[in-house]
Structures are given as structure tokens and as C-alpha cells.
Amino acid sequence: MKNTIESEFVSARRRFIRAHFPRLNDMQQEAVLATEGPLLLLAGAGSGKTTVLISRIANLLQFGCASDTDETPEHITQEDVDLLNRLAGQKNDPDYPTACALAAWKRVDPWRIIAITFTNKAAGEMKDRLEMQLGPAAADLWASTFHSACVRILRRDAERLGYPSSFTIYDTTDSQSVMKHILKDFNVDDKMFPHRMVLAEISRAKDAGITPEQYLQQAAKSGDIRKKKIGELYQEYWKRLYSAGAMDFDDLIYNTVRLLDEFDDVRDYWQHKFRYVLIDEYQDTNHLQYRLAALLADGWGNICVVGDDDQSIYKFRGATIENILSFEEQYKNARTIRLEQNYRSTGHVLNAANHVIANNEGRKGKTLWTKAELGDPLTLFVADNEHSEAQFVAARILEARGAGANFRDHAILYRMNAQSNTLEYMFKRNGIPYRIIGGTRFFDRAEVKDVLAYLCVVQYPEDDLRLLRILNNPPRGIGAKSVEAAQQIAQEIGVSLYNVLSRADEFPALQRAGTRMRQFVIQMDELREAAKTMPPDELYDLLLEKTGYLRMLQEKNTQEDTARAENVQELRTNIVNYMQENEAATLAGFLDEVALYTDIDSYDRSADCVTMMTMHAAKGLEFPTVFLVGCEEGIFPGTRVIGEPEEMEEERRLCYVALTRAKTRLYLTCARQRMLFGRTTANLRSRFVDEIPEEDLQVIDPRPAPRQGSGFGDHRQTPARPSAPRRPSFTPPSASKPASEPSFRLGDRVRHRAFGLGEITKVTPMGGDALLEVTFEGVGLKRLMLRAAGRFMTKAED
DNA sequence: CGCACCACAATTTTT
DNA sequence: TTGTGGTGCG
């Protein structure tokens, strides 16, 4: 380019825009300014990735492609250049808006940007932050998950593929349920073809873009009997979902890709619409998602993917690290920017994480660094068993709390959900408030699924799966036999089950329950009629009332059913919330939202609770103090990955993710002996712990092993011993109390390390231990177990 | 048809 | 150890 006033203007403009984002570091600014063409952003943990994404979008909206083009307005003057130079970063200057207008070039309309994230929560946060920075314009921007973006695209054109535009979404359990039925109907042994395995294979096939027919062809060619069978199951699965007007999670992506692939006008429409495509967490995309991203971005070629190959932990779900590793090959003109400065953790934490991940082979390679201080070294606590491990964690938390920290500053991460039990138990005894993320999700609970199934059937009666779920629930005298007969008929004459039920009197085979079936249909039809005019919340009330579902729970009157009834009520709250957030709230919209909703979305950091979750669930979160429990060979890394180098690398990445969640304090714990699934095992400490440099790790071992190196024999599995001796604090009633344990009585004034001064208001002896109710000043009532909490409490002298 | 009892298996799971 | 799913009986 000529060295004229134009080129001066271009560089001044770039400087000006750069200065518009003063709080970003150089690399972050580069990432924000590089708007055009393919961009790979390798963003390490805690490197301010989200801030960059937000700023990038802000840049597009405010300045368009100005920071990344040589194009200029006509008739540039020296004054223009001077203005930009003078006002760079001077946001308070009255002329600043003028300068901004001068700098802007081809500003982007918000609806031309699509930002895809992996969780609703991430999408929601992005939207919130954008709205905060940019005002209402952000509302028109697509910030959503892959799946909800696909639902939006499909709702518009699913009919092209033969699906009703009102298709329902099957979640994992729904898919499993369909597959189980298929296996039964096909007389296939669940042992030879476990439903989960078949579904995984189908998922893989869809990921590779293989239809059932293609799959069967391939199977025939290879002569593989097993493959042939799976092909048949795949075909039937496809057929059933298709005729139920349903898509599973994979279908949402798969069908969107098909839609864009096969229909030029549809592809043109979306490609033209989305001028800038952003994909977050790119390391976790699968092949299908990669294709979708490419299809969406192909129009303008402006695709920015953000990810961290070291944080890829979802290979088992089909994510392929290849997408990120080969991005530069896929897009020859791609630029790559690395964000390696970490703003989250202290030096020791980062150092440990860097060293652990350095043991992996298949990575792009990057090293996080920080300006922060070294901080405290990590602590490894070697516990005798899982109880003393939990005790250690509880003690540290109470200590910190006593020193002014909040419970919410602490997170406990474990490899598998089963590990949470012991911790929960210990926290309950010590009155530590906690919250568990994951495990059985709210929307996975039977009663919630039941009521949702009712809503689904109201919305779309052809949904056989949901219909079967509710048909005799609450019991209506429509037994398995009658249902089976009706299904048979439905299959024979090729109509939906609902259709058969609605004219059950026509079929002699259904005379037993025919009347009851028709009653049911009448009831559902009334609800469907009501649904046309009634708002979702009222419809919900009517449904509970009419179907007698709530009544059934209330009448049983057991503790469990009361909880279930509460959950059913809780779902109503969800409906009301949904209605408040969406002006044009419809039942269909609510069901969409629910289908794509997960637990982690509802994680709210405001409550003062310790957070417990799996390491997987912790991705993207951060906490001042993190406990990584169960750092043992056989648990983390798990038995299954030992001896599998690739799997081990994924496990190590998981470790990297876990370590980098911590801001300042990081505790690792392992137990010499642990009972899991009713088995007691002795495990070596995790190899990942050994990969942490000595200077970053302080080991606390209250009982160092008396003899060492006696070989593997010490660590092999031992059979369960139900009456194995336990730690003193858990001794059965017969054992004598340690003399040091103080005795507390009703009315005693006490001082607790974490909760401060209080008075014992109730003492309930319980099997050698005692449940204390203590009213603490400023904290309120806490229920504590004497044995567990006693060590944190002294009698207060008045 | 509904309930109770017993065998069996149990990484991780953004959608 | 815990939860779930299948079978058999009342």
C-alpha cells in the first residue's frame, strides 16, 4: 500500500481502536482487533477468554471491521488522522464519540453475529455481559449453545426434512428408553448389545454423517454380523424417533447439518445472515459440530474459534481434539493468537498445573504465566481413609471460615459422584452448608419427567414414548397387556398409539381397558383444547388437577412423596420464571428450554455454600480455595485409563482443568485406604501428584508409612471387611471416649472455631454420639454432631 | 395389577 | 455401599 494519508489513517485508526480496550493486554487486544477471516484463539485457563470474546463482539458492533482492513472512507484529511491520534483512549473527551464515528467502518448489525458456547449458562453470561456493556442492541445477537441454535434453525425448516416443525427433543434417558424397547421388540439380548453401547455406536455414526441405510450397506460389505444387527437397530431407532416427531441431541446437530448441506436456499439464508461466527470451547466440539460451524461460516469466512487443547476433557462424548489441532490446516489463511497470561491463580498453582500438563504429548504447547505472587504452595494431605480425608477438608473449611472466609469460597472436586457421600456426611455433622452440582438432575427426577411427559403429550400426542410413560400413571387400570395390544394395533395399521387409544372401542382386542383408554384421551383432548388459549402456568395447574397426578403424590403421604410433590410444585416455578423471561411464552417454548437445560445452569454463586462437584463439572469455574480429593491411582487416574496412553492424556488434561480452578489455595488429598462401592482398596498416590515439582507441594502425612518399598503387594485390592476397625472419631458406642473430648451439656455457652459464640439449646443422644443444636450469635441454629464438631468447640467462660 | 424383594452394576456427561 | 431394574407373588 502507498504510504499516503490513507495508510496513516489506517494505522491511527487501529491505534485508536486498540486504545478503546485499555484493560486488555497486548495479545488480548490483538485477538479483539483481528476481526476478519479465520482466527484460532488458544486461550489458556484463566487468561481472560470471555472478556476477549465480549470485547471482540463490542468491537464488531462499534467499529465494524475497521481495525482489520485497509479500506478507508474517501477524502481522508490530516485533521482526521490527528483527531484519532489525539483522542485515542480519551473516552471522557467531548469529541470522543465523533472520533469513534470516524474510526468505524462497516459496523456490524448485532443479528449478523452468532456466538456459540457449550452451556446455557455460558451463553446467558455472555448475553448479560454484552447487554451490560452495549445496551439493548445485544438482545438481537445470537448467543446460544450449539443445540439451541440448531433448534432455532430447525424450527424454521424442519419440515423440509419431513419432521413436524413442532418436533420434540428426546434427552438421553428418552433415547435409552426407546432403545430398550427396540431391543425387547427385536428379541435382542441386552447382554450382547447393551442399549448404551448401541446408542453410543449410533451417535458415532451420526457424528460421521452416516445414515442407517449407509450403515447397513457398510455392514453388509464387511460381513460383520454384529454391525449388521446394530444397523438394524439404528434403522429402527431412526424410524421410531422420526414417526414420533422427535430428535435426540445428536439429531439436532445432524439434521441442521443435513438441512444446510442439502438445501441451497436454506444454506444461503443462514450463511448470508451470519457474517461473524464465534465458537467457544472449540476443543470440545465433535466432527458434526465442526461441520456445522464450517457451514455457517462459509459465507463470509469470518470464523473465530476459541479453545484450549489442554482442557479437552470430553473425548468420551465424541469431542475431537483434532478440530483444534488442525484448524490451521483447514483454514490456510488462519491466524493464531495465544493467550498465555493467567489472571486467576498464584504462581505455585500455575507452576504445578504447567508441570503436570507438560507430560502430555499431543498438544499445541503453551505455558501459562502470571504476574501474581507465588502464594502458598499446594498442600497434599495423606489420609488414612476416606473419613479422615473428609475430616481434613471439613477442618480446613471451618478454619478458613473462622478466619473470615466464606463457605462459597471453597470447592471440592472429585473424579466421580460416588465420592461425594463421605464428604456430605462429614459436612452435615459439622453444620457446613454445601451444595452438590450434578448427580441426579432436577429434570431427570421421575416425577418431573412424568409431569413433563404430560405436557409433551398435550403439545404433541404422537409422542408415543411420553404417552407410554403417563398412560397408566397415576394408575388408571390400563395395564401392560392392554397397552401392548394397543401398540400392536398401532403398528399394524400404521397410526400413532394415541390414535388407537382415541378409538379403542373399534378394536375387540382392547375391550378390557377400552373405555378407560377413551376416557384418558378425552381428558387429554380437553387439556389440548385448553392449551390453545390458556397460559402455560394455568394449564399446568389444570393438568395436575385433572390427571390427579399431584393428588396421587399427596395421598401417599410418605416423606419421599412429599418431596416429589414439592418437585412438581418446583416445576411450576420454572414455568412462571420462563413466562417472566419470555414475553411470548408458549408451552412449546418452555419444553424446548427444559430439554436443553442442565443443572450447572442453575448454579448460583450467591448462596454461602461449599460447592461440591466432579472435576468435569468444574470446567469454566473458579474458586479461591479448591480441594482435589481422591488423588489416588485407580481413582484419579481411574483404573480404566491405566495402560491406555491416550486415555491417560485425557485424564491428565482433566487434572490440569481441576488444578487451574484454584485462585489461591489448592489442597490435594489422597487416602491410604478407601472404601468405594463396598470394597476397601489400598491405593498409591496419584501419578499426577508426583508430577508436581517438589517446591510447589507441601506434604502433610500425619502417619508416614513405617516401612517402604515392600512392593506392589501392599496396594492390591483387599476384600471388604464389614467390621474393619474405624477411626477413633467413628468408634461404636462401646469404645471408650478419648479423655480429651469435652462434654457439653444443655445450656452450655460454647465457642466454635468457625461459627463463634453460641449456646447449646438441645442435646439428643444418638448411638454413643449426640446431636447438638447450638444457637450461634449472628449465625443462627446449627445442628452439629458432638463427635465431629467437638474438636472445633470449647466451652466459653463467661 | 401393584407391590415387594433380590440381583446386579457403578467413571466422567456442557446438550 | 447405593440405586435401579426385573421377576414373582398376593
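Being a predicted model, the structure only gives us computed values, none of them experimental. Naming convention: chains lettered A, B, ... in sequence-line order (proteins, then strands); numbering from 1 in each chain.
What separates CZ of A:R679 from C1' of B:dA9 is a distance of 12 Å, to the nearest Å. Remark: P of B:dT14 and CD1 of A:I313 are 10 Å apart, rounded to the nearest angstrom. If you measure from atom CZ of A:R204 to atom P of B:dT13, you get 19 Å, rounded to the nearest angstrom. Atoms CZ (A:F443) and P (B:dT14) sit 14 Å apart, rounded to a whole Å. When the C1' atom of B:dT14 is taken as reference, atom NE2 of A:H147 falls 8 Å away, rounded to whole Å. Counting to the nearest Å, the P atom of B:dT14 and the CE atom of A:M613 are 12 Å from each other. Distance CZ (A:F316) to C1' (B:dT13): 5 Å, rounded to an integer number of Å. Protein atom OH of A:Y314 is 5 Å distant from nucleotide atom C1' of B:dT14, rounded to whole Å.
A donor-acceptor contact closer than 3.5 angstrom links the side chains of A:Y170 and A:D463. For the residue pair A:T145 and A:S148, a side-chain donor N or O sits within less than 3.5 Å of a side-chain acceptor on the partner. Under the 3.5 Å distance criterion, with hydrogens and angles disregarded, a donor-acceptor pair is assigned to the side chains of A:T173 and A:K449. Side chains of A:N255 and A:R258: a donor on one and an acceptor on the other come within 3.5 Å. Side-chain contact of A:Q673 with A:N385: a donor-acceptor pair under 3.5 Å is absent, judged by distance alone. In this structure, a donor-acceptor pair under 3.5 Å is present between the side chains of A:E424 and A:Y434. If you check the side chains of A:D248 and A:Y237, you find a donor sitting under 3.5 Å from an acceptor.
A cation-pi arrangement is absent between A:R679 and A:F677 under the rule of less than 6.0 angstrom and at most 45 degrees off the ring axis.
Among the heavy atoms of the strands, none lies under 4.0 Å from A:A595. Counting non-hydrogen atoms under 4.0 angstrom, A:I116 reaches nothing in the nucleic acid. Residue A:D250 is classed as having no contact, given no heavy-atom separation below 4.0 Å to the nucleic acid. Heavy atoms of A:E281 sit nowhere under 4.0 angstrom from any nucleic acid atom.
Anti is the conformation of B:dT12, whose glycosidic angle sits further than 90° from 0.
If you check B:dT14, B:dG2, B:dT11 against the side chain of A:E651, the one that comes closest is B:dT11. The side chain of A:H616 approaches B:dT13 more closely than any other nucleotide in the set B:dT14, C:dT1, B:dT13.
OP1 or OP2 of B:dT13 lies within a sub-4.0 Å distance of a side-chain N or O belonging to A:N417. Phosphate proximity of B:dT12 to A:R415: absent, as no side-chain N or O sits under 4.0 Å from OP1 or OP2. At B:dT11, none of the side-chain N or O atoms of A:T614 fall inside 4.0 Å of OP1 or OP2 (strictly under the cut-off).
Applying the side-chain contact (heavy atoms from CB on, under 4.5 Å) test between A:M613 and each of A:I436, A:I412, A:L413, A:N417 identifies A:L413 as the sole match. Screening A:D280, A:V52, A:I279, A:L278 for a side-chain contact (heavy atoms from CB on, under 4.5 Å) involving A:L41 leaves a single residue, A:V52.
For A:R196 against B:dT13, a side-chain-to-base donor-acceptor contact under 3.5 Å is present.
Atom name C1', nucleotides C:dG5 and B:dT12: the rounded distance is 23 Å, in whole Å.
Remark: side-chain polar atoms of A:N120 are paired, donor with acceptor, to backbone N or O of A:L596 under 3.5 angstrom.
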Polar atom pairs between nucleotides 2-10 of chain C and protein, under 3.5 Å, N or O only, would you list them?
none

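In DNA chain B, runs of at least 3 consecutive Watson-Crick or G-U pairs, each pair with both distances below 3.5 Å, span B:1-10 with C:1-10.
Taking for each of A:E647 and A:T285 the nucleotide of DNA chain B with the nearest heavy atom, the 5'-most of the two is the partner of A:E647.
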